[in-house]
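Chain letters run A, B, ... following the sequence lines, proteins first and then strands; every chain starts at 1. Since we're looking at a predicted model, the values are computed, not measured.
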Amino acid sequence: MNNEFPKAYNPKETETKILQFWFEKKLYHSEIDKTKKPFVIVIPPPNITGALHMGHALNNTLQDLIIRLAKMKGFNTLWLPGTDHGGIATQNVVERILLKQGKTKHSLGREKFLEFMWQWRKETGDTILNQLKNIGCLCDWDRTRFTMDEVCSKAVFKAFKKLFDEGYIYRGERIVNWCPRCKTALADIEVEYKEQKDKLLYIKYPLKNKNLQVKYITVATVRPETMLGDTAVAINPNDERYKRLIGETVILPLINREIKIISDDTIDIEFGSGAVKVTPAHDPLDFEIAQKHNLEILKVIDEDAKMINVGIYCGIDRFDCRKKVVEDLKQLGLIEKVEDYTHNVGVCYRCGTVIEPLTSKQWFLKMKDIAKKAYEAISEGKVVYYPEVYKEHTLRWLNNIKDWCISRQIWWGHRIPVWYCKNYNSELQKDTEFCSVIVSEKKPEECPNCKTTEFYQDTDVLDTWFSSALWPFSVFGWGLDENNAELKYYYPTQILVTGYEILYLWVARMIMMGLYFLKEVPFREVFVHGIVRDIHGKKMSKSLGNVIDPLDIVEKYGTDALRFSLVSSTTAGRDIYLSEENFVSSRNFMNKVYNMTKFILMNISKQDSNFIKNWIKNFDESKISYLGIAEQWILSELNSLIIKIKEYHKKYLLGSIAHELYGFVWFKFCDWYLETAKINLQKEEKKVSTLSVLLIVLNKILKLLHPITPFFTEYIYQNIKFLFSEEEKDSILDSGFVEESNFKFDNLKVISYEVIKNIVSEIRTIRNEFKIQLNIKPNIIIVIEKNQKILDTIKEYSNYIQRLGLINNMSFINKKNEEFKKPQHSATAIFEITKEFGTLELYILLEGIIDFEKEKKRLKKELEETEKFFILFEQKLNNSEFLAKAPKEEVERIKEKYLLTKEKIEKIKSYYKEL
RNA sequence: GGGUGCGUAGCUCAGUUGGUUAGAGUGCCGCUUUGACAUGGCGGAGGUCACAGGUUCGAGUCCUGUCGCACCCACCA
């Protein structure tokens with residue numbers, strides 16, 4: 001930067017260099033170091049499908065921010081990266097690829113298919129990690145894990161075995177959510193619900209006993225095809241209409257099967273016809289009823305969603321069968337009526353296909369006891385949620401937890417480590433006879449029961465979330481050795497950063513597993529962020545065409561701009577709406593900081609640099625009183641900034657950190673301090689101190705910004721660090737974080753600077769109002785009557801104002817000492833400063849330019865505004881209750897305001913008259 | 001059906017335990033190339049803080065209700 005000053009910041013070139021620098025120094029790497037406190041984040045492992053999207057960019061930028069911050073604070077930080085095999089999602093993607101080549105998984109066979117999967121994973125699985133590297137993620141790239149690598153797989157086996165041995169895992173024939181497209185069972189939580197309009201059909205079921213008063217009982221359904229699997233009709237025992245039909249027999253239309261009418265108090269009398277067809281094999285509620293009443297469970301829809309066991313309807317797809325059943329019922333005149341009905345339909349969270357509940361043999365994990373421990377830990381605050389609402393959400397979920405179906409009928413994943421011996425009889429096998437079922441990683445030697453050596457392994461794989469649940473400790477080799485040093489040092493981790501959509505699917509389960517296996521929560525804090533949406537609040541999707549690709553943004557505006565936008569858009573737990581303009585504004589901000597650095601460096605001559613270095617090195621509180629008002633002001637503002645940001649760090653108000661820095665850098669440091677500093681830079685005697693202050697502030701700004709925008713801050717730091725003392729390290733990351741100073745600033749000076757800012761603003765406003773040309777530089781007079789000190793201070797720095805080129809000359813008058821009459825042809829402005837300093841009058845002398853009528857109008861407007869507030873204050877002070885009940889400071893504040901506005905009004909009025 | 005969050009400038013949002021004359025970014029309009037930056041500077045317009053009550057000396061902020069939006073949970077066929 002020293003030699004050449006390109007006009008604008010060039011992110012691409014810089015980022016390549018800086019990235020290389022970090023990698024050469026291995027700044028990302030962590031080793032056990034007992035002298036330092038560890039600060040660990042384990043990445044939410046992205047699936048190996050697809051590439052980096054905005055959601056990943058957000059999630060990982062936030063983690064990087066937190067990690068860099070911790071590193072600068074001196075922790076031994078470890079951010080452990082990795083990927084997830086992604087079960088169904090990944091298998092679906094690969095199956096689609098195969099299909100394009102005219103192959104299916106079945107045509108390949110399990111072994112070949114898995115070979116293909118592994119090959120695919122080898123070729124494309126790390127794409128996303130490389131992209132994370134490029135956006136600056138300070139992950140420990142020497143420790144990358146994969147949920148199906150050896151270390152993690154060992155953990156999965158060990159966990160399964162332990163849970164099985166301790167009686168938490170069981171196998172059973174249950175009704176499960178079946179996805180006919182993915183051909184697998186899904187956990188309840190993996191089903192999404194979509195609102196859908198359907199027809200609610202009222203179907204008449206003929207009664208067998210012809211001697212009854214009624215011939216039919218009517219049931220209502222939106223899924224008429226399931227009637228073929230009905231094994232009862234249920235009514236509420238208190239339903240007067242049907243009471244007497246309990247125990248009667250119904251002849252199921254179309255297939256003429258006889259079923260009973262039973263009573264169950266879970267039936268809602270009000271809904272539909274009040275009578276419910278019971279299809280135990282294809283409805284969870286009906287399944288429960290069937291168990292209670294010992295009903296037959298008749299499966300009529302198979303795993304391909306085709307009809308079975310139903311005579312002529314066999315082999316027909318469920319939805320085609322629905323049409324056919326309706327037609328046939330119509331023919332028989334058995335449809336009483338049809339109503340429009342809106343309801344929720346369960347769909348697969350991976351492919352969107354309508355779920356078919358059906359009975360199937362699956363592995364389950366008993367959750368109740370395990371969840372209880374997690375409930376307690378979270379209640380006790382062992383895991384802290386940011387924002388806190390998600391704590392309640394999680395607790396409620398844990399409280400209503402159901403058993404977790406952990407088996408999936410796909411091939412990609414951890415195969416269930418269960419072996420059945422050759423003589424295993426699945427007919428006899430009713431949950432209880434586990435003698436011939438052996439949990440083992442490898443094929444067992446011999447069946448302890450029948451002594452056979454022939455075994456076959458369960459064909460199912462585990463739910464991908466099973467391995468994810470172990471992630472925070474499997475990555476440290478828990479599967480190999482649960483007492484290993486790394487696990488001991490790094491576990492539990494500090495914080496988990498994730499989106500709210502996987503709070504139950506993943507986060508809660510990690511807490512449960514962590515507590516179960518290691519007796520300790522896996523992370524102390526959870527930071528929950530929202531989903532990235534487009535500016536209209538729509539989810540970004542390829543089909544909508546509203547996707548903003550983070551890599552495009554990087555290309556166009558730079559990584560820092562991408563990151564800054566993401567961080568500044570983050571408000572705890574809420575969704576983020578992004579538009580491209582957002583990135584433009586961040587890019588501009590990067591450029592602003594770059595240019596301001598350029599300006600500072602431009603002003604440093606070679607012989608100055610040693611003086612500056614010395615000045616900065618010896619800067620302490622004793623030097624404060626020698627500093628000018630601008631310097632005192634900016635340093636005190638910097639102090640407030642640091643205090644605020646530290647507070648935001650503590651509360652993880654990450655978006656606020658970005659906003660605060662933006663405001664400080666742009667509006668305080670650049671717009672004001674830097675502008676006024678330009679004047680001192682012209683004076684030899686002030687040059688060194690001014691440049692030093694500029695650099696001190698710049699240095700702190702860079703450190704504060706660095707966790708958000710690492711590239712350009714590191715780059716600038718490299719260019720200014722020669723001006724700081726030797727302690728400053730290679731990388732900004734090692735240079736320590738920022739603490740506020742406890743310097744005492746001169747309040748009078750700090751206020752004076754604020755007054756000068758107001759004066760300048762007012763001059764600009766008036767010039768603008770009267771459209772005064774640039775080349776016209778009027779004189780101004782500043783009048784004060786209360787406090788001579790502030791007048792002196794302002795006087796001392798009046799050249800600041802003059803140098804801005806807005807005015808020619810300034811004169812100062814203290815009304816107390818000198819007689820003063822409002823000059824003719826002048827515009828007037830009156831400010832309230834503080835009680836101590838009173839009001840200040842400003843006159844801009846503009847002979848021939850001031851249009852009296854215009855000035856009158858302007859003053860009148862000003863007067864009206866001021867009077868409005870004056871009345872407000874007056875009312876408050878006339879209110880005895882306010883005086884009695886409001887805190888003293890508040891009353892004082894209003895009094896001060898009251899007096900100041902009063903003074904202002906009087907002055908405006910008197911000058912108005914003189915016009 | 002239950003729950004949670006939200007409703008503040010055209011748009012996206014800040015506004016911490018109730019107490020500055022409600023703020024910022026962006027967009028719009030006007031002026032502005034004076035060597036850090038036109039990816040800049042200065043100014044302007046634009047808000048009955050969803051609505052209705054209540055508590056309070058005082059409400060954008062707390063309470064109740066209504067309306068609207070979003071999301072989560074739930075076995076009404």
Side-chain angles (χ1 to χ4, degrees), chain A residues 5 7-9 175 189 193 200 219-223 226 234 266-268 270-279 283-289 341 343-344 357 387 389-390 392-393 396-397 400 500-501 503-504 530-531 535-537 557 561 568-569 571 573-579 581-582 584-603 647-648 651 653 655-656 659 662-663 667 670-671 674-675 678 761 764-765 767-769 771 774 804-806 865-866 868-870 872-873 876 879-887 889-891 893-894 897 901:
Chain A
F5 300 106
K7 204 161 168 137
Y9 172 62
I175 189 152
I189 199 176
Y193 290 89
L200 183 63
V219 296
T221 182
V222 284
R223 299 199 303 150
T226 62
T266 58
I267 307 300
D268 184 352
E270 304 295 318
F271 189 86
S273 66
V276 180
K277 55 189 278 309
V278 182
T279 323
D283 184 286
L285 178 62
D286 293 0
F287 184 81
E288 258 177 52
I289 293 175
Y341 186 58
H343 65 142
N344 285 327
V389 271
Y390 292 110
E392 292 305 319
H393 288 196
R396 202 173 319 126
W397 186 76
N400 297 311
Y500 59 74
E501 71 273 18
L503 226 39
Y504 312 139
I531 293 169
I535 198 68
H536 307 293
Y557 308 109
S568 59
S569 307
T571 42
R574 285 176 59 182
D575 288 349
I576 290 176
Y577 294 7
L578 279 181
S579 69
E581 280 134 34
N582 197 316
V584 173
S585 122
S586 299
R587 187 268 319 256
N588 295 353
F589 179 54
M590 307 300 115
N591 189 53
K592 186 80 180 173
V593 181
Y594 164 81
N595 269 292
M596 133 200 135
T597 312
K598 189 172 85 182
F599 173 78
I600 296 169
L601 290 180
M602 244 167 47
N603 278 283
E647 196 59 32
Y648 292 152
K651 297 179 181 166
L653 295 171
S656 305
H659 292 144
Y662 186 98
F667 309 128
C670 291
D671 287 355
L674 197 68
E675 286 308 316
K678 282 177 183 171
S761 289
R764 281 180 172 144
T765 311
R767 287 187 67 109
N768 217 305
E769 186 94 12
K771 298 204 186 302
L774 273 177
L804 290 171
L806 302 167
E865 285 274 295
T866 317
K868 207 171 77 194
F869 297 119
F870 177 72
L872 204 108
F873 300 140
K876 278 199 176 185
N879 183 339
S880 57
E881 284 197 273
F882 172 73
L883 296 177
K885 290 180 183 170
E889 309 84 66
E890 180 61 15
V891 176
R893 196 179 63 80
I894 297 294
K897 291 263 169 200
T901 24

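Residue-level contact check: A/Y341 touches the backbone only, with heavy atoms under 4.0 Å from sugar-phosphate atoms and none from bases. Here A/E501 lies out of heavy-atom contact (under 4.0 Å) with every strand. Within 4.0 Å of A/K868, counting heavy atoms only, lies no atom of the nucleic acid at all. Among the protein residues, A/Y504 comes within range of the sugar-phosphate backbone only, with heavy atoms under 4.0 Å from sugar or phosphate atoms but none that close to a base. Among the atoms of the strands shown, base atoms are found under 4.0 Å from some heavy atom of A/F869. Counting non-hydrogen atoms under 4.0 angstrom, A/T266 reaches nothing in the nucleic acid. Residue-level contact check: A/L200 touches neither bases nor backbone, having no heavy atom under 4.0 Å from any strand. Within 4.0 Å of A/N603, counting heavy atoms only, lies no atom of the nucleic acid at all. As judged by a 4.0 angstrom heavy-atom cut-off over every strand, A/R223 is placed among residues making no nucleic acid contact. Residue contacts shown for A/M596 include a base, since a base heavy atom lies under 4.0 Å away. Residue A/E581 is in sugar-phosphate contact alone, with no base atom involved, counting any heavy-atom pair closer than 4.0 Å across all strands shown. Within 4.0 Å (heavy atoms only), A/R767 reaches no atom of the nucleic acid at all. A/F667 comes within 4.0 angstrom of sugar-phosphate atoms only, judged by non-hydrogen atoms across all strands, and of no base. Among the protein residues, A/N879 comes within range of the sugar-phosphate backbone only, with heavy atoms under 4.0 Å from sugar or phosphate atoms but none that close to a base.
Among the nucleotides B/C76, B/A36, B/U4, the one closest to the side chain of A/K678 is B/A36. With distances taken from any side-chain atom of A/K651 to the nucleotides B/U20, B/G19, B/U16, the minimum falls on B/U16. When distances run from any side-chain atom of A/K7 to the nucleotides B/U20, B/C37, B/G43, the shortest one goes to B/C37. You'll find that the side chain of A/V389 is closest to B/G5, out of B/G5, B/A77, B/U12. Set against B/G25, B/C75, B/C57, the side chain of A/L285 has B/C75 as its closest nucleotide. Each of B/U4, B/U21, B/A36 was ranked by its minimum atom distance to the side chain of A/R396; first place goes to B/U4.
In this structure B/G10 sits in a base pair with B/U26, meeting the Watson-Crick or G-U test at under 3.5 Å. Under the Watson-Crick or G-U wobble criterion, with both distances below 3.5 Å, B/C75 has no partner in any strand shown. Nucleotide B/C62 forms a pair with B/G54, judged by Watson-Crick or G-U wobble geometry with both contacts under 3.5 Å. Under the Watson-Crick or G-U wobble criterion, with both distances below 3.5 Å, B/G18 is left unpaired in every strand shown. Base pairing analysis places B/G40 opposite B/U32; the two distances defining the Watson-Crick or G-U wobble pair are each below 3.5 Å. For B/U48, there is no paired nucleotide, since no Watson-Crick or G-U wobble pair has both relevant distances below 3.5 Å. Summarising the base pairing, B/U4 is matched to B/A70 through a Watson-Crick or G-U wobble pair whose two defining distances lie under 3.5 Å.
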**Asked** Given A/M590 and A/Y557, is the side-chain contact (heavy atoms from CB on, under 4.5 Å) satisfied, shown in steps?
**Response** CA-CA 10 Å; A/M590 307 300 115; A/Y557 308 109; over 6 Å; no
**Message:** Please evaluate residues A/K897 and A/L872 with respect to the criterion side-chain contact (heavy atoms from CB on, under 4.5 Å), reporting the C-alpha separation (whole Å), side-chain torsions for both, the decisive distance (0.1 Å), and the verdict.
**Reply:** CA-CA 10 Å; A/K897 291 263 169 200; A/L872 204 108; over 6 Å; no
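Side-chain atoms of A/I289 and A/I267, non-hydrogen and from C-beta on, do get closer than 4.5 Å to each other. Counting heavy atoms from C-beta on, the side chains of A/D575 and A/Y500 come closer than 4.5 Å.
When the side-chain nitrogen and oxygen atoms of A/T571 are compared with OP1 and OP2 of B/A14, one or more of them lie within a distance under 4.0 Å. For B/G40, one of the phosphate oxygens OP1 or OP2 lies less than 4.0 angstrom from a side-chain nitrogen or oxygen of A/N588. Phosphate proximity of B/A14 to A/R574: present, with a side-chain N or O under 4.0 Å from OP1 or OP2. Note on A/K876: every side-chain N or O is 4.0 Å or more away from OP1 and OP2 of B/G19.
Comparing the C1' positions of B/U26 and B/U21 gives a spacing of 25 Å, expressed to the nearest Å. The gap from the C1' atom of B/G3 to that of B/U48 amounts to 33 Å, rounded to the nearest Å. The separation of B/A70 from B/C31, taken at their C1' atoms, amounts to 43 Å, rounded to a whole angstrom. When the C1' atom is used for both B/A9 and B/U56, the distance is 29 Å, rounded to whole Å. With both ends at atom C1', the span from B/C62 to B/G19 equals 14 Å, rounded to whole Å. Taking the C1' atom of each, B/G25 and B/U34 are spaced 27 Å apart, rounded to whole Å. The same atom, P, is picked in B/G53 and in B/G60; the two are 14 Å apart, to the nearest Å. If you take atom C1' in B/C49 and the same atom in B/A14, they sit 13 Å apart, rounded to whole Å.
Side chains of A/N595 and A/K598: a donor-acceptor N/O pair is present below 3.5 angstrom, by distance only.
Between A/Y341 and A/H343, the angle of the ring planes lies from 30° to 60°, which puts this pair in the tilted group. Below 30°, between 30° and 60°, or above 60°: for A/Y662 and A/F667 the angle between ring planes is above 60°, a perpendicular geometry.
For A/E675 against B/A36, a side-chain-to-base donor-acceptor contact under 3.5 Å is present.
Between A/E889 and A/R893 there is no salt bridge, since no side-chain N of the basic residue sits under 4.0 Å from a carboxylate O of the acidic one.
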